[in-house]
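These notes concern the structure reproduced below.
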Amino acid sequence: MKEYKYTINGSVYTVSVGDIDNNVAQVEVNGTPYKVQLNRETAPVTVVKSPRPEAAPRTATGEKVVAKPAATTGAGTAVKAPLPGVILSINCKVGDTVSANDTVVVLEAMKMENAIKAGRDGKISSISVSNGQSVLEGEALLTIE
């Protein structure tokens, strides 16, 4: 039981509050037990509606505006963008021979420059991007034969 001391009009009251069950509290005032019914007021409920996201934009034919990049169909292995960004520089030309650790493209993403490595030894057969171009994740940057 919790015990409180109240002074009302100069008189001191010792109030002990016991268990509360179904809005009925067991209260003892200066040693005299009482059953006190509590009024339960319901506070107004504020419903917050969060904005619902809109559907992705589509073309007049119903296709998505931003589609996944198409896979390259040429011979060889495509070097793909590991994350979306902007091409800062292309460090090779078609016909160059590269090794696996050579940086072939520099990609800016999230204010950082990312060196994209060739990934394998070979010869550059095609370059699919240009300086300043924005690319999506997984988009083919160049092809190595």
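Keep in mind it's a predicted model, so treat the numbers as computed, not measured.
- Within 6.0 Å of CD on Q133 lie more than 12 heavy atoms contributed by other residues, nucleotides or ligands.
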Exercise answer: donor-acceptor pairs, residues 8-28 side-chain atoms, under 3.5 Å, sequence neighbours excluded:
{"residue": "N23", "atom": "OD1", "partner": "R40", "partner atom": "NE", "Å": "3.4"}
{"residue": "N23", "atom": "OD1", "partner": "R40", "partner atom": "NH2", "Å": "3.1"}

- prompt: Under the side-chain contact (heavy atoms from CB on, under 4.5 Å) criterion, do I90 and I127 qualify, and how do the steps go?
  reply: CA-CA 9 Å; I90 301 169; I127 298 176; 4.1 Å; yes
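- Cluster membership for V104 and L83, using ILVMFWY side-chain heavy atoms within less than 4.5 angstrom, is shared.
- In this structure, CD1 on I124 lies 4.0 Å from SG on C92, to the nearest 0.5 angstrom.
- Using a 4.5 Å cut-off between side-chain heavy atoms of Ile, Leu, Val, Met, Phe, Trp and Tyr, with links allowed through other members, M110 and L88 fall into different hydrophobic clusters.
- Taking both residues in full, the closest heavy atoms of S128 and A140 are given as CB-O, 3.5 Å, listed atom of the first, atom of the second, then distance.
- Applying the 6.0 Å contact sphere to NZ of K123 captures no more than 12 heavy atoms from other residues, nucleotides or ligands.
- Pairs passing the side chain to side chain donor-acceptor pair (under 3.5 Å) check and including a residue from residues 81-98, sequence neighbours excluded, read S89-N91.
- Residues L136 and V129 do not share a hydrophobic cluster, clusters being chains of Ile/Leu/Val/Met/Phe/Trp/Tyr side chains in contact below 4.5 Å.
- A side-chain N or O of S126 and one of T143 form a donor-acceptor pair less than 3.5 Å apart.
- The minimum heavy-atom distance between G31 and P33, with the atom names listed, is O-CD, 3.6 Å.
- V94 and L141 end up in the same hydrophobic cluster when Ile, Leu, Val, Met, Phe, Trp and Tyr side chains are linked at under 4.5 Å.
- Note: K80 NZ to T77 OG1 = 10.0 Å, rounded to the nearest 0.5 Å.
- You'll find the side chain of V105 reaches within 4.5 Å of the side chain of L142, heavy atoms only.
- Looking only at side-chain heavy atoms (C-beta outward), V98 and D121 stay at 4.5 Å or farther from each other.
- Smallest separation of non-hydrogen atoms from N101 and K117: O-CD, 3.3 Å.
- Hydrophobic clustering of Ile, Leu, Val, Met, Phe, Trp and Tyr side chains at less than 4.5 Å, counting indirect connections, unites Y6 with Y34.
- Looking at residues two or more places apart in sequence or on another chain, you find a side chain to side chain contact (heavy atoms under 4.5 Å, CB included) between P82 and L107, I116.
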